[in-house]
Amino acid sequence: MKQSIGIVGSGPTALYVLKNIADNSTVISKEITTIYITEKETNTGVGMPYSEKYTELCNMSNISSEEIPFLSQSLASWLKEQPKEALKALEIDADKISETAVYPRLVLGQYFKNEYEHYKSLLENANIKVVELCNAEVTDIIASETAQEFELVIQDKDSITCNGVIIASGHEWINEDNTQLGYFASPWPITKVLPKKGTYDNYTVGILGASLSAFDVVSSLSRRHGHFKKQGAEIEYIPDANTEQFTIVMHDFNGWLPHLQYEQKEPMREVYRHVTKNVLLDILDENGFLGLDTYFNLVCKPALRKALFKDDLLDVVGQLQNDDFGFLDFVAVMTKKHEYPDPFKGMEKELVEAQSAIKKEQPIYWKEVIDDLMYTLNFHAELLSAEDHYTFNKQVMPFLLNVIAAMPLESAKIMLALHKKGKLSLKKGAVKLLDQKTSDQKETSIEVGNEKISYKKFITCSGQKSISLKNFPFQSLVHSGKVRAARSKVASIKKMYDLIGEERQFNLIKNKKSWYLKLNGIDVSTNFQLIDVSGNEVPNLYDLSFTHTSGVRPYSFGLQSCELTSRIVVEDFIKSFQEKSNLVS
């Protein structure tokens, strides 16, 4: 029987799904005749971070052309084909287009749209009909109890029935703004946090976070209150008149500014670059767990020693020789190298080093290697015990995100220029949002340590958080038991109690004889199929949204993960077709 697939969302994840289907169209077209693509925005194929609705030209991506998983052509190749007028509108110098340059997000959006149309036409040529629905927000998914069918419920439109569903919905911002208090739960769309035309925010603006989305706000806000002037290789900020009181304070728990863009020898991540799957399975303990310490000692240490030796960080190489030097010790040592009494002076120092290394085409090997090693661990995270999941998320992930979410060098120059003019500062410490005291309150109040601070405008830029089961957007799947909260099996309940303390009453669940720790998001299999309340995979129902799956796949983000997860799902579809045909024959 000929079948149909529904794809929820049309951004980069959906694009890579289409690419992988097109690459295997000879096999897939025998089974699939129609692909429905639903997009809640007016334009397909772009994706929220790259859309004109959400971002603007001064908001930079942090990925170069050579790091984008290959489509029909690279971003740099596509840019070279564009007319000069189009490049000028995007503020791109035609003579300086390169595979290693970083471009505005809007540029990537146009590129993805072009590639999306390309793969759509390939599928049509392969006799797979592609039906697009724009302004079509899927508000629910209902699984049939009697047939292999799913109903996509679409706001203000007719429902669609299909035989398989791939959720590729990307970012979701579930918390609400409170404009009376000047509080914004996210910076998107960027226009909502900017002053009205002809007015200024002539006061101090607070930002929660100090990484890439925080910089987007800094970049856009500062341009509404002044302009940047290039002085050779340097940048100077010139404030407008009547903006004397305009300043920005970023709040970061650790007081860190991001690491900077670095030269890479291997810009594409690989799951099995440093270890094979068989070796990983060989080092599982007697209970079937891959210990975090075991993984670090047997897989990470040898690769990191080689990398750090090339980077001339011989002190760390020496420490890695010690048997009792563990993963958390490594995190502490490498964090200390990036911690400065004055983080802006530290960024200035690292900027000089980064510019020199890029000019000499000198990679920073250890950053590449740790990225690859964590990518490997991510796609085998189901082998970790609950205790190791907890440790990894609490103590390792903040370090990793700061290292890998590297800031483009031009963005660092802008931050430094603003800091030199007294317009940008960073405050260390945990931020607690305080409750609104009176109905006529006009500011957001926060607490940092023992200090209370109020802001006329306060913007949360701490990144996309995982949704809980109650916030999963397709509640019929929850009510019918087709989806459950992500979880990880506990190895030792005593050790787990010691780790989480009072959290245990909320986050531990017992199933038969075993204890489990509830993780963020929903449970999916290694093939990204939803797992139901009985622990079984739901046939032909996949979820690739990082917002939904980051509990079980905590390091699965970015375009390279979009490509790999899409490939995994399409390969699983093909495998299911082949198994069916073998049964028939």
Side-chain angles (χ1 to χ4, degrees), residues 1-40 43-45 71-72 112-138 140-154 157-169 474 476-477 482 527-530 537-545 562-563 565-585:
M1 185 180 75
K2 298 293 184 180
Q3 298 188 13
S4 60
I5 298 175
I7 302 176
V8 181
S10 74
T13 303
L15 165 60
Y16 283 107
V17 170
L18 296 182
K19 177 197 182 293
N20 281 292
I21 292 175
D23 289 347
N24 296 278
S25 60
T26 307
V27 176
I28 291 177
S29 61
K30 292 174 185 173
E31 298 283 339
I32 302 293
T33 56
T34 308
I35 297 173
Y36 296 99
I37 301 173
T38 64
E39 172 55 60
K40 68 179 180 180
N43 202 8
T44 52
L71 293 160
S72 73
F112 290 142
K113 175 67 174 175
N114 182 77
E115 291 296 313
Y116 171 87
E117 295 296 338
H118 169 78
Y119 285 106
K120 207 173 72 169
S121 67
L122 286 186
L123 291 169
E124 296 279 8
N125 291 338
N127 293 319
I128 299 174
K129 187 179 178 185
V130 179
V131 179
E132 278 183 350
L133 288 93
C134 297
N135 299 308
E137 182 173 1
V138 176
D140 207 357
I141 298 173
I142 301 169
S144 169
E145 295 298 330
T146 56
Q148 182 55 63
E149 286 183 347
F150 301 92
E151 180 188 351
L152 302 185
V153 179
I154 301 171
K157 290 189 190 305
D158 293 337
S159 296
I160 293 169
T161 301
C162 46
N163 307 103
V165 175
I166 299 172
I167 300 166
S169 51
F474 314 115
S476 287
L477 294 176
K482 292 289 189 287
N527 296 323
F528 291 87
Q529 276 179 283
L530 266 68
E537 295 177 0
V538 181
N540 291 1
L541 181 58
Y542 300 85
D543 197 330
L544 300 186
S545 169
C562 288
E563 192 283 325
T565 54
S566 303
R567 194 175 355 132
I568 288 168
V569 166
V570 172
E571 284 171 358
D572 197 58
F573 258 118
I574 293 169
K575 187 179 166 191
S576 68
F577 297 158
Q578 290 167 340
E579 285 172 354
K580 269 196 292 184
S581 71
N582 288 340
L583 284 172
V584 172
S585 60

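The line from OG of S545 to CD1 of I166 is 13.5 Å long, rounded to the nearest 0.5 Å. Note that OG of S576 and CD of E571 are 12.0 Å apart. Values are rounded to the nearest 0.5 Å. If you take CG on N163 and CG on L541, they are separated by 12.5 Å, rounding to the nearest 0.5 Å. Atoms CD and CG, on E537 and D572 in that order, are 7.0 Å from each other to the nearest 0.5 Å. Put simply, CD1 on I141 and OG on S476 are 9.5 Å apart, with the number rounded to the nearest 0.5 Å. Once rounded to the nearest 0.5 Å, the distance linking OH of Y119 with OH of Y16 reads 8.5 Å.
K120 has no carboxylate O lying under 4.0 Å from a charged side-chain N of E124, or vice versa, which leaves the two without a salt bridge.
Using a 4.5 Å heavy-atom cutoff, the side chains of L133 and I160 are in contact. Contact of the I35 side chain with the V17 side chain is not registered, since no non-hydrogen atoms from C-beta on lie closer than 4.5 Å. You'll find the side chain of V130 stays beyond 4.5 Å of the side chain of L18, heavy atoms only. Using a 4.5 Å heavy-atom cutoff, the side chains of I5 and F573 are in contact.
Each salt bridge (Lys or Arg N to Asp or Glu O under 4.0 Å) pair with one or both residues in residues 160-169, not counting sequence neighbours, would appear here, but there are none. Sorted by first and then second residue, the salt bridge (Lys or Arg N to Asp or Glu O under 4.0 Å) pairs involving residues 15-28 (not counting sequence neighbours) are K19-D23.
Considering all non-hydrogen atoms of both residues, E39 and G11 come closest at OE1-N, 4.4 Å. Nearest heavy-atom pair across A126 and S29 is O-CB, 3.5 Å. S10 and N43 make their closest contact through OG-O, 4.3 Å (heavy atoms, listed as atom of the first residue, atom of the second, distance). Scanning both residues, Q148 and P539, for their nearest heavy atoms gives NE2-O, 3.3 Å. Between C134 and K157, the closest heavy-atom pair is O-CE, 3.4 Å.
Residues that satisfy the ring-ring contact (aromatic ring centres under 6.0 Å, His included) test with F474, not counting sequence neighbours, are F472. With sequence neighbours excluded, the residues satisfying side chain to side chain contact (heavy atoms under 4.5 Å, CB included) with K482 are A143, E145, L477, S480, V538. Contacts of T44 classified as side chain to side chain donor-acceptor pair (under 3.5 Å), with partners at least two apart in sequence or in another chain: K113, E132. Legend: residues meeting side chain to side chain contact (heavy atoms under 4.5 Å, CB included) with T34, ordered by chain and number and at least two apart, are S4, Y36, K129, V131. Take Q529 and apply the side chain to side chain donor-acceptor pair (under 3.5 Å) test, not counting sequence neighbours, and it matches no residue. When the side chain to side chain donor-acceptor pair (under 3.5 Å) test is applied to N127, no partner is found at least two apart in sequence or on another chain. Scanning for ring-ring contact (aromatic ring centres under 6.0 Å, His included) contacts around F528 gives an empty result, with sequence neighbours left out. Residues passing the ring-ring contact (aromatic ring centres under 6.0 Å, His included) test with F150: none are found, sequence neighbours excluded. Checked against side chain to side chain donor-acceptor pair (under 3.5 Å), T33 has no partners two or more places apart in sequence or in another chain. With sequence neighbours excluded, the residues that form a side chain to side chain contact (heavy atoms under 4.5 Å, CB included) with S144 are T146, A147, E149.
Under the 3.5 Å distance criterion, the side-chain polar atoms of Y542 are left unmatched by any main-chain donor or acceptor of V570. Looking at T13, its side chain never comes within 3.5 Å of a backbone N or O of C562 through a donor-acceptor pair. Within the 3.5 Å criterion, the main-chain N or O of L71 finds no donor-acceptor partner in the side chain of E115.
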Practice task
With side-chain contact (heavy atoms from CB on, under 4.5 Å) as the test, would you mind laying out the steps for I32 and I21 before giving the verdict?
Solution key: CA-CA 10 Å; I32 302 293; I21 292 175; over 6 Å; no
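For the residue pair S566 and N20, no side-chain donor N or O sits within less than 3.5 Å of a side-chain acceptor on the partner.
For D158, the CG atom counts as loosely surrounded, since its 6.0 Å shell holds 12 or fewer non-hydrogen atoms of other residues, nucleotides or ligands.
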